[in-house]
Number of protein chains: 2
Amino acid sequence: MYAENKLFKNLPEQYLKRIPFYHQILSELALKNEAYVSSRYLAGFFNVDETQIRKDISLTGYKGKPKYGYSVQGLKEAIEAYLGINYHNTAVLFGAGKLGTALIEYEGLADYGLEIIAVFDNNPVKIGSPVGHFNILSPSALPRVIRSFDIGIAILTVPKTAAQEVCDQVTAMGIKAIWNFAPLQLSVGMDVILRNENLAAGAALLSYYLKKSNHRQEGP
Amino acid sequence: MYAENKLFKNLPEQYLKRIPFYHQILSELALKNEAYVSSRYLAGFFNVDETQIRKDISLTGYKGKPKYGYSVQGLKEAIEAYLGINYHNTAVLFGAGKLGTALIEYEGLADYGLEIIAVFDNNPVKIGSPVGHFNILSPSALPRVIRSFDIGIAILTVPKTAAQEVCDQVTAMGIKAIWNFAPLQLSVGMDVILRNENLAAGAALLSYYLKKSNHRQEGP
DNA sequence: AAAAAATCGTGATTTTTTTCTCAATAAGCG
DNA sequence: CGCTTATTGAGAAAAAAATCACGATTTTTT
Ligand SMILES: NC(=O)c1ccc[n+]([C@@H]2O[C@H](COP(=O)([O-])OP(=O)(O)OC[C@H]3O[C@@H](n4cnc5c(N)ncnc54)[C@H](O)[C@@H]3O)[C@@H](O)[C@H]2O)c1
Ligand SMILES: NC(=O)c1ccc[n+]([C@@H]2O[C@H](COP(=O)([O-])OP(=O)(O)OC[C@H]3O[C@@H](n4cnc5c(N)ncnc54)[C@H](O)[C@@H]3O)[C@@H](O)[C@H]2O)c1
């Protein structure tokens with residue numbers, strides 16, 4: 001969740017975080033053959049004012065049309081260009097367990113230009129066996145894979161006890177972005193882009209809001 | 001990601017979001033038998049100043065000890081109490097597919113007080129078959145389950161085409177919190193707590209930062 | 001052709017979040 | 001015990017984000 005930005009100060013972090021969500025909404029609208037969308041409609045999905053949506057969009061440089069709003073297709077493409085979606089990023093995945101397997105077989109990643117090139121696991125029983133359309137490799141094969149492909153991202157779905165070690169290995173080999181699913185805060189160098197997908201944090205916040213709303217019903 | 005807060009204005013949203021991460025770090029430190037932790041150490045994991053950490057922690061009401069920092073165990077428990085972790089929240093899961101199965105078999109949820117009570121899928125082939133220690137139920141059994149258990153949360157791991165429909169069904173039956181893994185923005189009533197776990201958004205932001213850092217290397 | 005309506009774009013303002021500064025406190029030590 | 005040090009806690013200041021207010025633009029209506 002954090003640390004992506006250590007490298008890139010002075011861009012409006014919060015604005016940026018909303019942009020991928022606009023892209024999703026636009027994709028839905030495109031399927032329904034909607035031609036235009038207003039900032040007010042988009043604002044309905046978020047807890048912000050519609051002006052804020054316009055400011056966010058202005059980051060991409062895309063211009064709306066007074067009275068009509070934004071062209072769904074045009075804005076969608078502008079966001080794709082701005083975020084670099086479709087630029088074809090390559091990744092390796094570590095940890096062919098339950099979650100790793102789900103991700104490997106998930107087609108949704110390709111929609112965001114992310115292609116998994118190879119899958120690693122250190123369990124000797126798993127090495128060599130198939131998962132999706134991959135054969136699981138031993139981590140010792142990583143240097144070879146990195147030499148053959150220009151790998152941008154390492155996806156970590158290993159147990160949390162192994163995550164820091166694997167993270168150190170892949171960054172030592174020059175990988176510059178980590179997508180971490182293990183429930184811990186990794187330490188990385190300043191030049192590494194780190195994104196934590198932290199389900200436990202999500203569960204904890206849900207729990208907090210639930211507790212609060214129950215409490216409210218009891219109170220005066 | 002958004003919309004949790006529509007109900008709860010005027011608490012420092014950003015502070016709150018960091019708190020579950022502190023809990024994770026504290027759990028690690030507790031395993032290593034560390035007795036104290038400083039705000040500076042915690043700040044090292046985030047892109048914020050150490051005073052901000054102290055302000056975040058002050059939300060929970062827990063007090064540190066000058067010269068030593070915060071008691072790892074004490075702060076951990078204070079966060080648990082504050083967030084309502086361990087309060088035992090009950091959930092139903094819809095969509096026993098790849099991701100749903102991974103979640104069902106994931107022990108990590110229990111650490112945050114989340115217990116899955118029942119699993120639903122509308123695929124006739126799957127209904128009745130086992131997943132983890134559950135038998136998959138038909139969605140038509142939902143009213144019965146809700147009558148027998150006090151279900152707080154619905155976890156949605158159905159395809160995005162089905163997500164809004166399932167969301168409407170469960171909220172109509174009185175479920176007040178949705179944990180959505182489908183890559184779309186759901187529309188919910190003002191009284192429903194919604195949390196989106198949006199991997200696609202994560203992939204998109206990674207892609208953006210990668211594009212930016214490559215660009216930088218080329219530039220002057 | 002002018003008026004009305006919808007919506008964008010943006011500068012000004014307000015609110016929220018973060019950082020800065022520093023006094024207060026507890027611990028260790030000569 | 002008094003001095004030094006590390007660290008908290010809290011108010012002031014700064015920065016960032018969100019909202020407000022309104023002029024500009026395009027379409028629709030009369
Ligand atoms: N299952 C879920 O739904 C879920 C959800 C959120 C987060 N997570 C997190 O994702 C991670 C994986 O979870 P899982 O349920 O898939 O666990 P799992 O045990 O099914 O899979 C982990 C895999 O990693 C492999 N592994 C262990 N050490 C390794 C190493 N050094 N190098 C390469 N591979 C290694 C194991 O052999 C195993 O195949 C955990 O950190 C977990 O906390 C899981
Ligand atoms: N697989 C992943 O790693 C992953 C990652 C992120 C997000 N997601 C999202 O999670 C969702 C599930 O992904 P998946 O890969 O597990 O897909 P999947 O196709 O393996 O599983 C979906 C399941 O939902 C069931 N289903 C469909 N309609 C239903 C309904 N109306 N009621 C109950 N059950 C219904 C299907 O029978 C199927 O078993 C998708 O929205 C996907 O975009 C998946």
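In the text below, chain A, chain B and the rest are named by the order of the sequence lines, each starting its count at 1.
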Would you say A:Tyr70 reaches C:dG9's phosphate, i.e. side-chain N/O to OP1/OP2 under 4.0 Å?
yes
I want to verify a distance call: between D:dC20, D:dA10, D:dA17, whose nearest atom is closest to the A:Thr51 side chain?
D:dC20
Look at B:Ser39 and D:dT8 and indicate whether a side-chain polar atom (N or O) is within less than 4.0 Å of OP1 or OP2.
yes
Between P of C:dG9 and CD1 of A:Ile53, the distance in whole Å
13 Å
With respect to the phosphate group of C:dG9, does any side-chain polar atom (N or O) of A:Arg54 fall under 4.0 Å of OP1 or OP2?
no
Where the side chain of B:Pro66 is concerned, which of C:dC8, C:dA26, D:dA17 is the nearest nucleotide?
C:dA26
What class does the angle between the rings of B:Phe45 and B:Tyr41 fall in, given that below 30° is parallel, 30 to 60° is tilted and above 60° is perpendicular?
perpendicular
Given atom NZ of B:Lys63 and atom C1' of C:dA26, what is their separation to the nearest angstrom?
15 Å
A:Lys67 has its side chain closest, among D:dT19, D:dT28, C:dT18, to D:dT28
From CD of A:Gln14 over to P of D:dA15, roughly how many Å is that when rounded to an integer?
18 Å
Taken to the nearest whole Å, CD/A:Glu13 to C1'/C:dT16 is 16 Å
Are B:Tyr68 and C:dG28 close enough that a side-chain N or O sits under 4.0 Å from OP1 or OP2?
yes
Between B:Leu75 (CG) and D:dT8 (P), how many Å, whole number?
11 Å
Donor/acceptor link under 3.5 angstrom from B:Lys55 side chain onto base of D:dG11
yes
Please check this pair: side chain of B:Thr90 against backbone of B:Asp150, looking for a donor-acceptor N/O pair closer than 3.5 Å.
yes
If you look at every strand shown and take non-hydrogen atoms under 4.0 Å, does A:Ser38 touch a base, only sugar-phosphate, or nothing?
sugar-phosphate
What does D:dT29 pair with, Watson-Crick or G-U, if both distances are under 3.5 Å?
C:dA2
Measure up the A:Phe21 and A:Phe46 rings against each other and bin them: parallel (under 30°), tilted (30 to 60°), perpendicular (over 60°).
perpendicular
A:Asn47 has an atom CG; how far is it from atom C1' of D:dT19, in whole Å?
13 Å
Whether B:Tyr68 and B:Tyr36 hold their rings parallel, tilted or perpendicular, with breakpoints at 30° and 60°
perpendicular
Rounded to whole Å, how long is the line connecting atom CZ of A:Arg40 with atom P of D:dC20?
13 Å
B:Lys17 side chain near C:dT17 phosphate (N/O to OP1/OP2, under 4.0 Å):
no
Examine distances only and state if a side-chain atom of B:Thr157 and a backbone atom of B:Gly95 form a donor-acceptor pair shorter than 3.5 Å.
yes
Start at the 5' end of DNA chain D and walk down; is the nucleotide closest to A:Lys65 or to A:Asp49 reached first?
A:Asp49
Quick check on D:dA18: is either OP1 or OP2 less than 4.0 Å from any side-chain nitrogen or oxygen of A:Arg18?
yes
Using heavy atoms to find the nearest nucleotide of DNA chain D for B:Tyr62 and A:Glu50 separately, return the residue whose nucleotide is more 5′.
B:Tyr62
Would you call B:Glu50 and B:Arg54 a salt bridge, using N to O less than 4.0 angstrom?
yes
From CD of B:Gln52 over to C1' of D:dG11, roughly how many Å is that when rounded to an integer?
15 Å
